[in-house]
Amino acid sequence: MTHPEISEGYLSGYAELITEVSATGRRLSRDELESRRALGERAAEDGHGLRRLVIGHLSATRAVWAALPAAAGSPGARGPRATVDSVLAATEQAVDAFAEGYERARRLAVRQEEAAHREFIDDLLHGRSDPGRLSERAERFGLRLAHAHAVAVAAGREAYDDAHPVTRRLATAFQGRFGERHTLLTTKDGRLICVAPGDQDDVLRYFSQRAHQVTDGGQVAVGRPHPGPGGVVHSYEEALSALDLAGKMGLDTPVLRAADLLVFPVLTRDRQAMADLVRSTLGPLRQARGGAEPLLATLTAFFDSGCVAAEAARRLSLSVRAFTYRLARIHDLTGADPSDPLHRYTLQTAVIGARLLDWPAKEL
């Protein structure tokens, strides 16, 4: 008898086939093998496990074998050994064809699932789908977009995709730690992505720490929580902007939070005004021997070290005397004194603008 969980439909014609083979000893035809493959495909599409299906075939073979007349001693009958070989060979052919069809359908289903997943990720992170439809699809992937979500993005030394060992290692650690928490771990444009409910900061902290580790020191940026499907896009763009800002400003902090960097978008919201400030405040530095870059680096080190000349000089491998000479030269050229609080604010804002606008490498 077949296994009770396996429908007779997936074994259609199998018993008759084995019975005939036991009598004739022939091998299965191409059409018969293709029919087995088709049944295997249908079983996979219906969600049955291959192990139970194979057991069902073997059970059917045993039932057919038990019903066969004894071959030994019958005049003109084929010998018992020949019958055994024929039945086993036919069983092997049939099960192999069935499994081939099953695996073919599973591979197709996996490819379709991967395509659907990738399409969903693209729509989710770029907001290219109807919000209602996107929310419905999100439920399938464990997200409830009616709530606020935040997005963390990790960039490493290499590009990552969903099949990368680093991605799988992170996903395993993530699953072991949180299980089902209505979060999404994926990749996009070579970066690791985590989408989590906005009130689950522990998830984002853990992702940031682990992603920094598995990417061998890669940088992670976390956007602010925002509600609805559009909120995921907003948070994702904030995280990307934070990574871009880190590159321009030379920020080497392992984990960047968009909420801590809001001053920079404010400063660059009026790009023309910032460009005017950079040109008018720092433009005279071009007159220095060696151009503006050395003196701009001097100001950057000065402000990054908390306006402590000795520390700034150490960062630039200069003597304090040489460093203070550079500050005096900046004062002479620009008319702004880095030691004066009001001038210092103007200079520091202009230095930030220069780094954001990539001046003086690019003309403003």
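Positions are given from 1 along the sequence. All values below come from the heavy atoms of this structure, side chains included, with hydrogens, waters and symmetry mates left out.
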Inset, instruction - Find out if a path of hydrophobic residues (ILVMFWY) with successive side-chain heavy-atom gaps under 4.5 Å connects L299 to Y345. - result: no

Inset, instruction - Verify, without hydrogens or angle tests, whether S12 (side chain) and G9 (backbone) share a donor-acceptor contact under 3.5 angstrom. - result: no

Inset, instruction - Please answer whether the main-chain N or O of L277 pairs with a side-chain N or O of T281 as donor and acceptor at a distance below 3.5 Å. - result: yes

Inset, instruction - Determine yes or no for a side-chain-to-main-chain donor-acceptor pair under 3.5 angstrom, with H126 supplying the side chain and L124 the backbone. - result: no

Inset, instruction - Please test V95 against T61 for side-chain contact (heavy atoms from CB on, under 4.5 Å), starting from the C-alpha separation and ending with a verdict. - result: CA-CA 11 Å; V95 171; T61 302; over 6 Å; no

Legend entry - L333, L327, T334, T300 screened by side-chain contact (heavy atoms from CB on, under 4.5 Å) with L295, the one that passes: L333

Inset, instruction - Mind checking the CD-CG spacing from E41 to L108? Nearest 0.5 Å is all I need. - result: 8.5 Å

Legend entry - Minimal non-hydrogen separation, H149 against S235, with atom names: O-CB, 4.1 Å

Inset, instruction - Apply ring pair (Phe, Tyr, Trp, His ring centres under 6.0 Å) to Y14 and list each qualifying residue two or more places apart in sequence or on a separate chain. - result: H57

Legend entry - Rounded distance [0.5 Å steps], OG1 in T91 versus CZ in R62: 11.5 Å

Inset, instruction - Determine yes or no for a side-chain-to-main-chain donor-acceptor pair under 3.5 angstrom, with E311 supplying the side chain and S305 the backbone. - result: no

Legend entry - Within-4.5 Å side-chain heavy-atom neighbours: V54 and F98: no

Legend entry - Electrostatic pair E92-R36, nearest N-O below 4.0 angstrom: no

Inset, instruction - Ignoring hydrogens and angles, tell me if any N or O in the side chain of T167 forms a donor-acceptor pair with the backbone of D161 under 3.5 Å. - result: yes

Legend entry - Closest non-hydrogen atom pair between L192 and T215, with its separation: CD1-CG2, 3.7 Å

Inset, instruction - Return the orientation label for the H226 and H234 ring planes: parallel under 30°, perpendicular over 60°, tilted otherwise. - result: parallel

Inset, instruction - Determine whether more than 12 heavy atoms belonging to other residues, nucleotides or ligands lie under 6.0 Å from atom CZ of R144. - result: no

Legend entry - Under-4.0 Å salt bridge between E103 and R106: no

Inset, instruction - Decide if atom CZ of R286 counts as having more than 12 heavy atoms of other residues, nucleotides or ligands within a radius under 6.0 Å. - result: yes

Inset, instruction - Determine the minimum heavy-atom distance between M274 and T349, stating which atoms define it. - result: SD-O, 4.0 Å

Inset, instruction - With side-chain contact (heavy atoms from CB on, under 4.5 Å) as the test, would you mind laying out the steps for R257 and R224 before giving the verdict? - result: CA-CA 8 Å; R257 288 190 172 269; R224 294 177 296 163; over 6 Å; no

Legend entry - Lys/Arg N to Asp/Glu carboxylate O, E34 vs R30, below 4.0 Å: no

Legend entry - Cluster link L58 to Y10, ILVMFWY, side chain under 4.5 Å: yes

Legend entry - R169 atom CZ, over 12 foreign heavy atoms within 6.0 Å: yes

Legend entry - Nearest non-hydrogen partners of G56 and L11, listed with the distance: O-CD1, 3.9 Å

Inset, instruction - Would you check if there is a donor-acceptor pair between the side chains of S339 and D337 at a distance under 3.5 Å? - result: yes

Inset, instruction - Say whether L88 and I18 are linked into one hydrophobic cluster, either directly or through other cluster members, by side-chain heavy-atom distances under 4.5 angstrom. - result: yes

Inset, instruction - Using a strict 4.0 Å threshold on nitrogen-to-oxygen distance, state whether R355 and D304 make a salt bridge. - result: yes

Legend entry - Check ion pair R279-D276 (N to O, under 4.0 angstrom): yes

Legend entry - D270 (side chain) donor-acceptor with A273 (main chain) under 3.5 angstrom: yes

Inset, instruction - Mind running side-chain contact (heavy atoms from CB on, under 4.5 Å) on L243 and R191 for me, showing each step along the way? - result: CA-CA 11 Å; L243 288 175; R191 303 182 184 96; 4.3 Å; yes

Legend entry - Reference residue L184; test side-chain contact (heavy atoms from CB on, under 4.5 Å); the match among I193, L143, V151: L143

Legend entry - Heavy-atom closest pair, residues V153 and A239: CG2-CB, 3.6 Å

Legend entry - Distance, nearest 0.5 Å, that separates CD of Q175 from OG1 of T183: 8.0 Å

Legend entry - Distance, nearest 0.5 Å, that separates CZ of R205 from OG of S208: 9.5 Å

Inset, instruction - Answer yes or no: is there a donor N or O on one side and an acceptor on the other, between the side chain of T253 and the main chain of L256, under 3.5 Å? - result: no

Legend entry - Y160 side chain to A155 backbone, donor-acceptor under 3.5 Å: no

Legend entry - Minimum side-chain heavy-atom gap E238-L261 below 4.5 Å: no

Inset, instruction - For residues A312 and A301, report the shortest heavy-atom separation together with the two atoms involved. - result: CB-O, 3.6 Å

Inset, instruction - Run the salt-bridge test on D340 and R344 with the 4.0 Å N-O cut-off and return the result as yes or no. - result: no

Legend entry - Shared hydrophobic cluster, L251 / I352 (ILVMFWY, side-chain heavy atoms < 4.5 Å): yes

Inset, instruction - To the nearest 0.5 angstrom, please state how far the NE2 atom of H147 sits from the CG atom of D199. - result: 8.5 Å

Legend entry - Side-chain touch L296/P360, heavy atoms, less than 4.5 angstrom: yes

Legend entry - Distance-only donor-acceptor check, side chains T187 and D162, under 3.5 Å: yes

Inset, instruction - Evaluate the ring pair (Phe, Tyr, Trp, His ring centres under 6.0 Å) criterion for residues F178 and F174: first the C-alpha distance (whole Å), next the side-chain angles of each, then the deciding distance (0.1 Å), finally the verdict. - result: CA-CA 6 Å; F178 297 108; F174 210 77; 5.3 Å; yes

Legend entry - N-O pairing of R26 and E32 below 4.0 Å: yes

Legend entry - Side-chain touch V308/F302, heavy atoms, less than 4.5 angstrom: no

Legend entry - Audit row: L125, V233, side-chain contact (heavy atoms from CB on, under 4.5 Å) steps and yes/no: CA-CA 5 Å; L125 297 180; V233 179; 5.9 Å; no

Legend entry - Co-membership, hydrophobic cluster, residues F303 and L342, 4.5 Å side-chain: no

Inset, instruction - Decide yes or no on side chain to side chain donor-acceptor pair (under 3.5 Å) for H182 and Q200, but give the supporting numbers first. - result: CA-CA 10 Å; H182 300 295; Q200 295 186 13; over 6 Å; no

Legend entry - Heavy-atom donor-acceptor pair, D46 side chain to H48 backbone, under 3.5 Å: no

Legend entry - Side-chain donor-acceptor contact under 3.5 Å, Q219 with H212: no

Legend entry - Spatial distance of atom CD (E293) from atom OG1 (T298) [nearest 0.5 Å]: 11.5 Å

Inset, instruction - Please tell me if the side chains of R37 and Y102 come closer than 4.5 Å, counting only heavy atoms from C-beta onward. - result: no

